[in-house]
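Both ligands and their constituent atoms are indexed starting at 1 by order of listing.
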Amino acid sequence: MQLEPFLLERWMTRWELVVTHDICESGIKPLSLQNVLDLIPAAEASTLEQRIHELPLGYSEARGTEALRSTLAATYANTSADNILVTTGAIEANYLLFSVLLQAGDHVVVVDPAYQQLGSVPKAIGCEVSKLSVVHDDGYYYDLDELRALVRPETKMIVINTPHNPTGCMLSDADLDEIVAMAQANDCWILCDEAYRWIEHPGGTHIPAPMRGRYEKGISVGTVSKPFGVPGLRIGWFAAPTEITQAAWGVRDYVSLSPAKLSDLIVEAVIRNRDAIFARNAAIIGANLETANTWFAANSDLVSWQAPKAGLLAMMRYALDIDSTTIADRLAGEVGVMLAPGDAFGMPGALRIGIGQDTTIFSEGLARTTEFLRSIG
Ligand SMILES: Cc1ncc(COP(=O)(O)O)c(C=O)c1O
């Protein structure tokens, strides 16, 4: 299998340990273990702490512990622990699903731009990939007529991501129903990457119910990386029909064997106590959205955006005739600000911004960005 370089990952790796103001991160500001313990009820925190100290660090259950799978299953309709496979991040969940569901020659429709894995892995498997663009002259959104034109009887899978990385657009409940109807009519799978599930904005649009539970061939992929601020625990999962979960488990035997045992334990507590974490997220997102809206309004001659509907990511367009990789490299190297190049998503003339980071870093990062862009403009 010939995999293309993962452009964004390569770019991030080059700069993330060097910059002072990373304002393009894809997740919410990370939590320490102490933060997690402080956010959950005291009695539970003390039990969890004790269990962390005493847990024998052997291999873990290959599918994820029953406790974690049941906790996750309860967040989907018509789903039991047997439908859940806990994985090493959503990235492994996506990879395993592509491995078991796709073969060379299959036709796949994939949202574009996207988290690069969603298109590159089907392509490496040898699938015929049709891109469904969410970039239009009048904004970023899924055009379901375009999707209808791309899906055909031999289509094997529709790959969507909502709320969307990198544009921040989102499918509505009615949109998801329509996509299900298209998939049903063509008997194809839907892989819905819901890495940004649960990240709503204060006073903003609600995120519709997950794909799993809407359609028997609808699969939801989830992660704690974005909504819970614990990407370093490397826990993701998917919710799918049992036979798919079993088949992916079979591939997983060759890849990572099982999730990290300590991570499984901590994540189970994190998911159960999610409301406390979401309240913390809302405070960060609310503050950063206000900063960003003020900043874009004050600098509208230079930069613009479509504010994200949910999730943490959006694209910043800039009015300079310089490619995005050059600008992103110079911002990182000269003023310590990390804004990811749109080139990594096939979006020249734009930079990806993330609204989940520390509020002071975020506002300082934007101030440095204006100064820099004005100095080269
Ligand atoms: C849309 C999307 N899917 C999947 C992933 C992988 O996340 P993780 O493996 O950390 O759970 C990411 C990470 O940025 C993402 O943005």
Side-chain angles (χ1 to χ4, degrees), residues 3 6-13 16 22-31 64 68 72 84-99 110-122 132 134 140 142 157-171 190-199 207 210-212 219-239 248 252 255-256 259-260 263-264 266-267 270-271 308-315 338 340-342 344-347 352-357:
L3 283 161
F6 203 134
L7 299 177
L8 184 71
E9 295 304 335
R10 293 291 108 216
W11 189 85
M12 301 279 277
T13 307
E16 64 196 348
D22 176 357
I23 55 171
C24 69
E25 262 311 316
S26 58
I28 198 85
K29 182 182 174 186
L31 291 169
L68 177 54
L72 290 169
I84 305 283
L85 188 71
V86 178
T87 55
T88 309
I91 195 165
E92 188 185 35
N94 287 329
Y95 196 92
L96 295 178
L97 288 165
F98 291 139
S99 308
V110 183
V111 61
D112 182 72
Y115 182 61
Q116 191 180 329
Q117 180 197 28
L118 299 180
S120 291
V121 176
L132 170 69
V134 294
Y140 306 135
Y142 280 86
M157 183 187 277
I158 299 170
V159 183
I160 49 180
N161 164 225
T162 182
H164 183 242
N165 171 7
T167 68
C169 72
M170 179 167 68
L171 287 159
I190 301 176
L191 188 162
C192 190
D193 183 325
E194 294 162 1
Y196 289 88
R197 181 187 179 197
W198 285 312
I199 308 182
I207 299 177
M211 178 52 65
R212 167 77 194 170
I219 300 175
S220 287
V221 172
T223 178
V224 287
S225 294
K226 317 302 174 189
F228 295 93
V230 289
L233 294 179
R234 302 307 301 130
I235 293 283
W237 62 89
F238 67 78
R252 203 267 174 86
V255 182
S256 59
S263 297
D264 185 304
I266 298 166
V267 165
V270 162
I271 304 262
K309 283 220 159 50
L312 299 171
L313 299 173
M315 294 307 287
M338 196 149 129
F345 298 96
M347 295 179 79
R352 190 184 78 176
I353 181 171
I355 57 163
Q357 289 313 296

Shortest non-hydrogen pair, Ala90 vs Thr223, comes out as CB-CB, 3.8 Å
Residue set satisfying ring pair (Phe, Tyr, Trp, His ring centres under 6.0 Å) with Tyr196, at least two apart, ordered chain then number -> none
Salt-bridge criterion met for Arg234 and Glu92 (N-O under 4.0 Å): no
Give every pair formed by an N or O atom of ligand 1 and a protein N or O atom closer than 3.5 Å, one pair per line with both atom names and the distance to 0.1 Å, or write none.
from     : atom 1 : to     : atom 2 : distance (Å)
ligand 1 : 3 (N)  : Asp193 : OD1    : 3.3
ligand 1 : 3 (N)  : Asp193 : OD2    : 2.6
ligand 1 : 9 (O)  : Ala90  : N      : 3.2
ligand 1 : 9 (O)  : Ile91  : N      : 3.1
ligand 1 : 9 (O)  : Arg234 : NH2    : 2.9
ligand 1 : 10 (O) : Ser225 : OG     : 2.7
ligand 1 : 10 (O) : Arg234 : NH1    : 2.8
ligand 1 : 11 (O) : Ala90  : N      : 2.7
ligand 1 : 11 (O) : Thr223 : OG1    : 2.6
ligand 1 : 11 (O) : Ser225 : OG     : 3.2
ligand 1 : 14 (O) : Lys226 : NZ     : 2.6
ligand 1 : 16 (O) : Asn165 : ND2    : 2.8

Distance col, row Lys226:NZ vs Leu312:CG, nearest 0.5 angstrom, shows 8.5 Å
Between the CG atom in Leu171 and the NZ atom in Lys309, the distance rounded to the nearest 0.5 Å is 10.5 Å
The reported gap from CG in Leu68 to OG in Ser263 (rounded to nearest 0.5 angstrom) is 10.0 Å
